[in-house]
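Notes follow the structure.
In what follows, chains carry the letters A, B, and so on, assigned in the order in which the sequence lines appear, proteins first and then strands, with residues in each chain numbered from 1. All heavy atoms count here, side chains included; hydrogens, waters and symmetry mates do not. Since this is a predicted model, take the numbers as computed values, not measurements.
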Number of protein chains: 2
Amino acid sequence: MTRPPTQDPRRTLTLRDVSEASGVSEMTVSRVLRNRGDVSEATRERVLEAARSLGYVPNKIAGALASQRVNLVGVIIPSLSNMVFPEVLTGISDVLEDTGLQPVVGVTNYQPEREETVLYEMLSWRPSGLIIAGLEHTDASRAMMMQAGIPIVEIMDIDGEPVDSAVGISHRRAGRQMAEAIIAAGYRRIAFLGTQMPNDHRARKRLEGFEAALAKAGLALADREFYSGGSALLKGREMTEAVLKRTPDVDFLYYSNDMIGAGGLLYCLDQGLDVPGRIGLAGFNGVELLDGLPRQLATMDACRLEIGRAAAGIIAGKRPGGVIGGEVIELTPKLQLGATIRAVTPEPGKAPAAP
Amino acid sequence: MTRPPTQDPRRTLTLRDVSEASGVSEMTVSRVLRNRGDVSEATRERVLEAARSLGYVPNKIAGALASQRVNLVGVIIPSLSNMVFPEVLTGISDVLEDTGLQPVVGVTNYQPEREETVLYEMLSWRPSGLIIAGLEHTDASRAMMMQAGIPIVEIMDIDGEPVDSAVGISHRRAGRQMAEAIIAAGYRRIAFLGTQMPNDHRARKRLEGFEAALAKAGLALADREFYSGGSALLKGREMTEAVLKRTPDVDFLYYSNDMIGAGGLLYCLDQGLDVPGRIGLAGFNGVELLDGLPRQLATMDACRLEIGRAAAGIIAGKRPGGVIGGEVIELTPKLQLGATIRAVTPEPGKAPAAP
DNA sequence: AGGCGGGCTGTTAGCGTTAACATAGCAGCC
DNA sequence: GGCTGCTATGTTAACGCTAACAGCCCGCCT
C-alpha cells in the first residue's frame with residue numbers, strides 16, 4: 001500500500017509535484033484536494049492516489065495568501081493553569097470543530113504588555129476571528145482589535161464596554177449575589193481571601209460587588225488576605241489559618257476561587273470546626289473538583305463551557321466580511337449553596353452567636 | 001497621540017500603505033519593521049511613526065511564504081484538562097520565548113485519528129518544529145512526520161522507537177520502581193485503580209512495569225478498577241470504596257494519577273482508616289495540588305516542566321535545514337514517598353497483619 | 001584624478017497557492 | 001451547420017511579502 005517515496009526527501013513537495021505525478025495541471029490538483037469545482041471521477045482518483053503516495057501536505061501559507069482566507073480563530077487567555085480556561089477552550093473547540101475553523105491559543109499570564117504582544121503576533125496571521133478574555137486591554141490592543149476588521153469576542157466578563165461582541169457573566173453581580181446569600185444565612189463577620197493579582201479584573205469586580213452588597217447591609221469585611229503563586233490548595237490552608245488566627249471571630253470565609261476554598265475547607269475540617277455552623281465558606285467557579293471534597297463547597301458556576309460555545313458560535317456565525325457589529329450575551333451563573341453555607345435563615349438583622 | 005486613522009477601515013493595510021505614508025520604498029519599510037539591514041536613523045523613525053499611526057500589522061502569511069521561514073512550533077498533546085500538559089506547555093513557552101519561536105497547540109483527546117488530522121493541519125502551516133506527546137502514532141502520522149523535514153520531538157515517554165528525537169521518562173521503569181518501594185515497605189495485597197483509556201499508553205506502560213515488578217516478587221494485583229470521565233476526585237472516592245468493599249483485605253492502592261489518588265486518600269481518611277498503617281496509597285505525577293492535602297500522597301514526579309524545556313531546547317537548537325537526526329533524552333522521575341507509604345520495612349517476605 | 005568601499009535605498013523576481021477567466025470538447029437542438 | 005450550454009480542464013495574474021542583487025552617493029586612499 002505505502003510505496004517508498006520516489007521523491008527526494010530533502011525538498012518539500014508542492015502542487016507541481018503532484019501535478020506532474022498525475023499528469024494534470026496544478027489547478028486541477030488544487031481543485032481535487034479542496035473538493036471544489038467539477039472534476040471527473042477518474043482524474044480525482046488519479047490525483048488523490050498521487051498525492052497520497054507522495055505524502056503531499058498542502059501549504060496553507062500559500063493557500064491563505066492566495067485566497068485571502070484563513071481558517072484560524074485566535075484565542076487569547078490569561079492562563080492555562082487553573083482549570084477554568086481549558087474548559088472554555090473545550091467549549092470553543094466543540095463548536096468550531098464542525099465549521100472548518102481552528103482555534104489557535106495564546107497565553108498572556110495576566111500581563112497586559114504580554115497580551116499586546118500575543119495579540120499583535122496573532123493578528124499578523126490574519127485569523128478570521130478573535131476570542132479574547134476580559135474587557136480590559138491596553139489602548140494599543142484595543143486599537144489593533146478595532147482595526148483588524150474581523151469579529152472580536154471578549155469573553156468571561158460583561159461589566160464594561162466591549163470592542164465588538166462579548167459573552168460572559170457579570171462578576172460584580174456574582175459577588176453581590178453571593179454576599180446576599182451569605183448575609184441571608186445570618187453570617188455577619190465575613191472575610192475575603194483571594195489572589196494578589198492586580199490584573200485579574202474579574203476577581204476584582206467580584207470583590208467590588210461583594211463589598212457593595214455588604215455595605216448595603218451595613219457590613220464591612222472583617223478581614224482580608226491575599227496570596228500569589230504556589231499550590232492553591234496549600235495556600236488556601238495557610239491563608240485560612242492566618243485569618244482565623246488574626247480574626248478569631250470571623251464566621252464566614254469568601255474565597256476568590258474554588259481551589260483555595262477547597263484548601264480552606266480541608267483546613268477547617270482538620271481543625272474540627274463546625275462547617276457551616278460555626279463558620280461558613282464559599283468559593284467561585286464551580287469546578288468539577290469540588291464534587292470529591294468531604295463536603296460540597298458553596299460556589300457559583302461561571303458558565304465556562306457555555307461561554308466558550310457562545311463565543312465560538314458568534315465567530316462561526318459571522319460570514320467573512322460581514323462584520324455587523326457587536327452583540328452582548330450575558331449568561332447568569334447559578335449559585336450552588338453546597339454544604340458550607342447553613343440553610344436556616346435566622347431572624348434577619350440579628351447576628352447569631354457562635355455556638 | 002493616537003490620531004484617528006485616515007485610512008478606510010474596511011481595507012486591511014499593507015506595506016505599500018506604510019511605504020506611501022512615509023515616502024520610502026516597501027523594501028525599506030520591511031527592513032525597518034524586521035530590524036534587518038542598514039537603515040538610517042531618520043528613515044527608521046519616519047517609518048515607525050507611519051506604521052504606528054496607521055496601525056499597521058504585518059502579514060506573516062505573506063512574509064512566511066516569501067522567506068520560507070515560519071516561526072511556529074507545533075505542539076500536539078492529548079488533553080488540556082489534567083494539569084500535566086499545561087505544565088509541559090509552560091516549560092516549552094519558557095524556552096521558546098527568547099528564540100522568536102511561538103508554540104501552536106493542538107489537542108487530540110487521546111484519539112489517534114484526531115491526532116492524524118491535527119498533525120496534517122499543523123504541518124500544512126509548515127512549522128519549523130514539532131513537539132508531540134507519545135511514541136504511538138498511526139502509520140500515516142509517522143509517515144507525515146518523517147516526510148516533514150523538520151525536527152520532531154516526541155515527549156513524555158521513551159519506551160519505544162522515536163521518529164526523530166525524544167524526551168521523557170520510562171513509564172515502565174516508573175511503575176516498576178513504585179512497585180518495588182511498595183513491596184519493600186511490606187505491603188502485599190495491592191490493588192490498581194486507573195483510567196479506562198486504551199490510548200493512554202503511558203498509563204498502560206506504568207501498569208505493565210508495576211505488574212512485572214509484582215510478579216518478580218511472586219505477587220499479583222489483588223484487584224483492579226477502572227473509570228472514565230467525571231470528576232477525578234470524586235471518581236477516586238467511588239473507586240476506592242468499590243475496591244475496599246470488594247476486596248476488604250487490600251493493604252495498598254496504586255492510582256494511575258494523583259487526582260484520583262487524592263480522592264481515594266480523602267475517602268480513606270473519612271472512613272477513619274489508618275493511612276499508611278492499615279492501608280497505603282500512591283499516585284503518579286507529583287502535581288502541586290497534593291501539597292494541600294491532609295496527608296502528602298506518595299507519588300512520582302513526571303518531570304513535566306523539564307520535559308517541556310528540553311523538548312523546546314532541541315527544536316530551538318537545531319538550525320533550520322540542519323536536521324541532524326534524533327537524540328533521546330531520558331529523565332529520571334524521583335519517588336516522593338510522602339506520608340502514605342509506611343517508612344518501616346518489616347521483615348522481608350513476611351506479610352504484615354493488619355492492625 | 002580615479003578608484004574603491006561602505007552606507008543606504010530601490011528594483012526585480014519569486015514563494016505556492018487560488019480566483020477569475022479562457023478554452024476544449026461534446027451533446028443537443030432547431 | 002452553427003449555435004447554445006454544459007462539463008472538464010488549463011492559463012494568467014494576483015496575494016503581500018522578502019532574498020538577492022543593483023544602484024547611488026559620498027568620503028577616502030593612492
(request) Can you tell me which residue pairs pass the salt bridge (Lys or Arg N to Asp or Glu O under 4.0 Å) test with a partner in residues 89-103 of chain B, sequence neighbours excluded? (result) A:Arg114-B:Glu97, B:Asp94-B:Arg309
(request) Check side chain to side chain contact (heavy atoms under 4.5 Å, CB included) between B:Met145 and all other residues, then give those that pass, not counting sequence neighbours. (result) B:Leu119, B:Leu130, B:Ile132, B:His137, B:Ser141, B:Ile152, B:Val163
(message) Please enumerate all residues that pass side chain to side chain contact (heavy atoms under 4.5 Å, CB included) together with B:Ala21, with sequence neighbours excluded.
(response) B:Ala50, B:Leu54
(message) Need to verify one output field. Residue with the more 5' nearest nucleotide on DNA chain D, A:Glu41 or B:Arg16?
(response) A:Glu41
(request) Using chain B heavy atoms and a threshold of under 4.0 Å, write down where along DNA chain C the contacts begin and end, 5' to 3'. (result) C:dC8 to C:dG16
(message) Run the side chain to side chain contact (heavy atoms under 4.5 Å, CB included) test against B:Ile61 and tell me which residues pass, sequence neighbours left out.
(response) A:Ile61, A:Ala64, A:Leu65, A:Val70, A:Trp125, A:Arg126, B:Asn59
(message) Among residues at least two apart in sequence or on other chains, which ones pass side chain to side chain contact (heavy atoms under 4.5 Å, CB included) with A:Pro86?
(response) A:Leu80, B:Leu80
(request) Ignoring backbone atoms, test whether A:Ser40 places a side-chain nitrogen or oxygen under 4.0 Å from the OP1 or OP2 oxygen of D:dT7. (result) no
Every protein N/O within reach of nucleotides 13-16 of chain D N/O, cut-off under 3.5 Å:
residue : atom : partner : partner atom : Å
D:dC15  : O3'  : A:Gln68 : NE2          : 3.1
D:dC15  : O2   : A:Leu65 : O            : 3.3
D:dC15  : O2   : A:Ala66 : N            : 3.1
D:dG16  : OP1  : A:Gln68 : NE2          : 3.2
D:dG16  : N2   : B:Ala62 : O            : 3.2

(message) If you take any heavy atom closer than 4.0 Å to DNA chain D, which residues from residues 23-31 of chain B end up in contact?
(response) B:Met27, B:Ser30
(request) Quick one: list whatever passes side chain to side chain donor-acceptor pair (under 3.5 Å) with A:Asn82, sequence neighbours left out. (result) none
(request) Only pairs at least two apart or in different chains count here, so list each salt bridge (Lys or Arg N to Asp or Glu O under 4.0 Å) that has a residue in residues 143-161 of chain B. (result) B:Asp157-B:Lys205
(request) Using atom CZ of A:Arg36 as one end and atom P of D:dG10 as the other, report the distance to the nearest whole Å. (result) 19 Å
(message) Once salt bridge (Lys or Arg N to Asp or Glu O under 4.0 Å) is applied, what residue pairs with a partner in residues 25-35 of chain B remain, sequence neighbours excluded?
(response) B:Arg16-B:Glu26
(request) Figure out the CZ/C1' separation between B:Arg69 and D:dC17, and round it to whole Å. (result) 12 Å
(request) List the atom of A:Val167, the atom of A:Ala310, and the distance in Å for their closest heavy-atom pair. (result) CG1-CB, 3.7 Å
(message) Which residues pass the salt bridge (charged side-chain N to carboxylate O under 4.0 Å, His left out) test with B:Glu87, not counting sequence neighbours?
(response) B:Arg304
(request) Considering only NZ, NE, NH1 and NH2 on the basic side and carboxylate oxygens on the acidic side, decide whether A:Arg52 and A:Glu49 come within less than 4.0 Å. (result) yes
(request) Starting from C1' on D:dT18, measure out to NZ on B:Lys60 and report it in whole angstrom. (result) 14 Å
